[in-house]
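In what follows, a structure is listed as C-alpha cells, so that the remarks can point back to it.
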Amino acid sequence: MKTMKFYKSLKVKLWMTAVLAFSMTISSCEQFDLEEDPTQSLLAVVPYTNLAELDLAVTGIYGQLNKAAWMTTFYVNGWSGDDITTHRASNKADFREYDQRNVVQSNGRTAVNWRGVYSMVLAANTVLTNLEGVELTEKAAQDVLTGETYFLRGLMFYQMARVHGRIPLPLTIEVDPEIGLASQVDVYEQIERDLLQAESLLPNSTAVGAARPSKGSARSILARLYLDWAGFPVKDNSKYAAAAAMAKSVMDGGHGFALVDDMSTLYTIAGRTNTESVFSIVYCASCGLPNRKHGKLGLPSGAPTNGWQETFAEIRFYEDFPEGPRKDATYHDAMPLAADGSIIADASTPVVDSLPWTEFKDQQNPVFRKIVGPFEEGTWQGFQSDRNDYFMRYAEVLLIYAEASGEAGSAGADAWAALNAVRTRAGLPAVSEADGTIQDLAYQERKWELAGEYLRWNDLVRKEQVEAALGGTARDPRVSIGTVFDGDGNPTPTPLTEPSNPILGGLSTSNYFAPLPQSEVERLPNLGN
C-alpha cells in the first residue's frame, strides 16, 4: 500500500483541488498528455513512488499558472508604463493606481496577484519537497519534470520581484511566520539558482510554441534577469556581460527559436503557436481555462463594440511610434464598419466605412491590436479566448544581446545583426555606429517592439527613465483627448488641458516598486520591516 499523508494546510488543500480541476480539463488540449487517474491528486504522496504521481503534481503547477495569469491582474504593473493606460473612471480604480503611480497597499489587484503567484510557489515547493531523496525508474523524465518545477518557481519569484522589488522567498511547504523581505541581491540570486538548476535538467528544445520550457527558455529568462540586475536598483554592471553571454547561448543553442516573418500573426488565434515563443502560458477556453486579457477588454464602451475599456494605448506613445508593419501589428487606429454600421466580425464582410479612434465616445485612445486581435477574427466580440501569453519572445532575446553587448563593450557584427533583424521585420532601415551606440539603439527598439506587452515599465525602472517618460510634458496633455458634442449629438474630439489619468504619485526611485499587500503584511508582520 502506498504511504499517503494529508496536508492540513488550507492552502495546500486548495492547491490539490486545483491540480484535480486542471488535470481533468487540460488533457483535451494538445499541449499536454495526461491519462493518469486525477483523483490521486487529492492526496500528496510523500515521497513520490512513480512518474505518474510526479507528472500529475507538476501539471498541477501549470494549472496554478493558468489561474494566476488568466486575467490582466497578473500584469497589473504594466499600466505604469508610458505605453498603456486605462479608463479615466468606470471600475478600473486598481489599474488607475498603477497608471498614475499612486498604488496603495489595499489595491485589490496587487493582493490577488500576490495570492495567485505565491500559491504557485507553494505548489512548486510541495513538489520539490516530495522529490527529496527520490530517484524514480524513469530518471530522465523525472529530471525534466524537476527542471520544470524549478523553472516555474524561479519565474514566479521573478514576476513578483519586478512588481515589488524586495520580496519574501519561501522555499518550503510551511511558510515561516517570521519570514521577512530578502535583499534585492538575494532575490536575484535565488531566481538565478532556480533557473540555472532548471537549465541543467531541461531538454535542449521542446515543441514549437514552448508550452513546456527548454534549456533555451531558462537561458532566455536568465538573460532578462541579468539585464535587470545590471540596472536599478542593484546596478551590477558585470551582469551586462552575463546577459550578453546568456542571450548568445540562446541564439547559438539550437533551441528552435526564430522570428516569425509577419509579426501580426503572433497576435491571432491561428498563429498562437510559433517559433518566436520562448515560453508561452497556454490557454484553452473549451477546457475551462480561457485567456481573459483580450478582445473586449481592449475596446471602448458603447456602440458598436460595447467594450470593457480596460487596456488602451497612450496617445503620445502611439503618435511617436515609427510607421510601418510593426505599428500596424501593434495598433488599430480605427474600427472597420460594415454597411449596417456594425464592426466587421469575419473576413467575408465588405468594409464600407471606419470609425477612427478620435471619434470614439466616452474615451478616445487608440486600441492595441495585440490585445483586441484582428477584427475579422471576431475575438473582440467576447472577453475569453484561446490566445496564448508570450511570457517572452525571441525578439527580446535578440535585443538583450544587442543592448548588453554594447554596455559590456563587446558588441560586434553579430550584435548589430541581432538588432537589425528586429528592425528589418519592422520595416525599418538597418542602423550602424553612425546612428548612435548600439545599447541606446537597442533600448529604444525595445520600446516599440514590446509595446502593449506589459514590459515597458520594467525597462523604465532599470534605466531610471521614469521621470523622463512620465513627467512634465512627456505625458501631458496628449495622453488622452476629450469630446465635445454638438446639438445633434455629433462628437468633436478636443485635446484635454490635463491628462485623464494624471500622475498622482512620485516619479523618483523611491516609488518604482509597488507596496506589498496590506493583508500579507498583517499576516506576516516582518514583511513590513
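By convention here, the first residue in the shown sequence is residue 1.
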Keeping [X] on the side-chain end and [Y] on the backbone end, is there a donor-acceptor pair under 3.5 Å?
| X | Y | answer |
| --- | --- | --- |
| H164 | A514 | yes |
| Y390 | Y267 | no |
| K293 | F74 | no |
| T265 | G271 | no |
| S205 | G256 | no |
| S280 | N388 | no |
| S264 | A329 | no |
| D414 | A417 | no |

(request) May I ask you to decide if the ring planes of Y454 and Y75 are parallel, tilted or perpendicular, using 30° and 60° as cut-offs? (result) parallel

Using 4.0 Å as the upper bound for N to carboxylate O, is an ion pair formed by [Y] and [X]?
| X | Y | value |
| --- | --- | --- |
| R369 | E377 | no |
| R393 | E453 | yes |
| K463 | E407 | yes |
| R446 | D459 | yes |
| R224 | E192 | no |
| D228 | R162 | yes |

How about [X] and [Y]: does a side-chain donor come under 3.5 Å of a side-chain acceptor?
| X | Y | answer |
| --- | --- | --- |
| T73 | R109 | yes |
| D440 | T437 | yes |
| D99 | T85 | yes |
| T358 | Q364 | no |
| S80 | R101 | yes |
| D236 | Y188 | no |
| N365 | Q363 | yes |
| N501 | Y98 | no |

(request) Apply salt bridge (charged side-chain N to carboxylate O under 4.0 Å, His left out) to K92 and E97, showing your working. (result) CA-CA 9 Å; K92 313 302 177 187; E97 287 184 10; over 6 Å; no

At what distance, to the nearest 0.5 angstrom, does [atom1] of [X] lie from [atom2] of [Y]?
| X | Y | atom1 | atom2 | answer |
| --- | --- | --- | --- | --- |
| T379 | Q384 | OG1 | CD | 12.5 Å |
| M120 | N66 | CE | CG | 9.0 Å |
| L470 | D82 | CG | CG | 6.0 Å |
| F391 | L455 | CZ | CG | 8.5 Å |
| L460 | E467 | CG | CD | 11.5 Å |
| N291 | C284 | CG | SG | 11.5 Å |

(message) Between F321 and W448 (judged by ring centroids, cut-off 6.0 Å), do the two rings come close enough to count as a pair?
(response) yes

(message) Aromatic contact between H87 and W308, with the criterion being ring centroids under 6.0 Å apart: yes or no?
(response) no

Side-chain heavy atoms of [X] within contact of [Y], under 4.5 Å:
| X | Y | result |
| --- | --- | --- |
| Y318 | V367 | no |
| V103 | P515 | yes |
| T110 | N113 | no |

(request) Give the C-alpha distance, both sets of side-chain angles, the deciding distance and a yes or no for side-chain contact (heavy atoms from CB on, under 4.5 Å) between Y62 and E148. (result) CA-CA 10 Å; Y62 285 98; E148 290 182 17; 2.8 Å; yes

(request) Inspect the surroundings of CG in D346 and state if more than 12 heavy atoms from other residues, nucleotides or ligands are less than 6.0 Å away. (result)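 Count over threshold, so yes.
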
(message) Tell me whether the NZ or CZ atom of K215 lies within the 45° cone about the ring axis of F151 and under 6.0 Å from its centre.
(response)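 Here K215 fails the 6.0 Å and 45° test against F151.
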
(request) Please say which of V163, L227, L450, N77 ends up in a side-chain contact (heavy atoms from CB on, under 4.5 Å) with N458. (result)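 Of V163, L227, L450, N77, side-chain contact (heavy atoms from CB on, under 4.5 Å) with N458 is met by N77 alone.
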
(message) With salt bridge (charged side-chain N to carboxylate O under 4.0 Å, His left out) as the criterion, how do E403 and R462 come out once you've worked through the C-alpha distance, each side chain's angles and the decisive distance to 0.1 Å?
(response) CA-CA 13 Å; E403 181 182 347; R462 69 178 175 84; 2.8 Å; yes

(request) Return each pair, listed once, that meets salt bridge (Lys or Arg N to Asp or Glu O under 4.0 Å) where at least one residue sits in residues 417-432; pairs must be two or more places apart or across chains. (result) E276-R425, R423-E445, R425-E449

(request) Could you pull out all residues at least two apart from E199 that satisfy side-chain hydrogen bond (donor to acceptor under 3.5 Å, both in side chains)? (result) R219

(request) Quick one: do D386 and R272 satisfy salt bridge (charged side-chain N to carboxylate O under 4.0 Å, His left out)? Show the steps, please. (result) CA-CA 8 Å; D386 289 334; R272 70 190 184 122; 5.1 Å; no

(message) Can you pull out every side-chain hydrogen bond (donor to acceptor under 3.5 Å, both in side chains) where at least one residue sits in residues 328-338? Sequence neighbours excluded, please.
(response) none

(message) side-chain contact (heavy atoms from CB on, under 4.5 Å), that's the test. Do Y158 and D194 meet it? Break it down for me.
(response) CA-CA 10 Å; Y158 194 11; D194 277 353; over 6 Å; no

(request) Would you check, one step at a time, whether the test ring pair (Phe, Tyr, Trp, His ring centres under 6.0 Å) holds for Y240 with Y226? (result) CA-CA 7 Å; Y240 282 122; Y226 292 140; over 10 Å; no

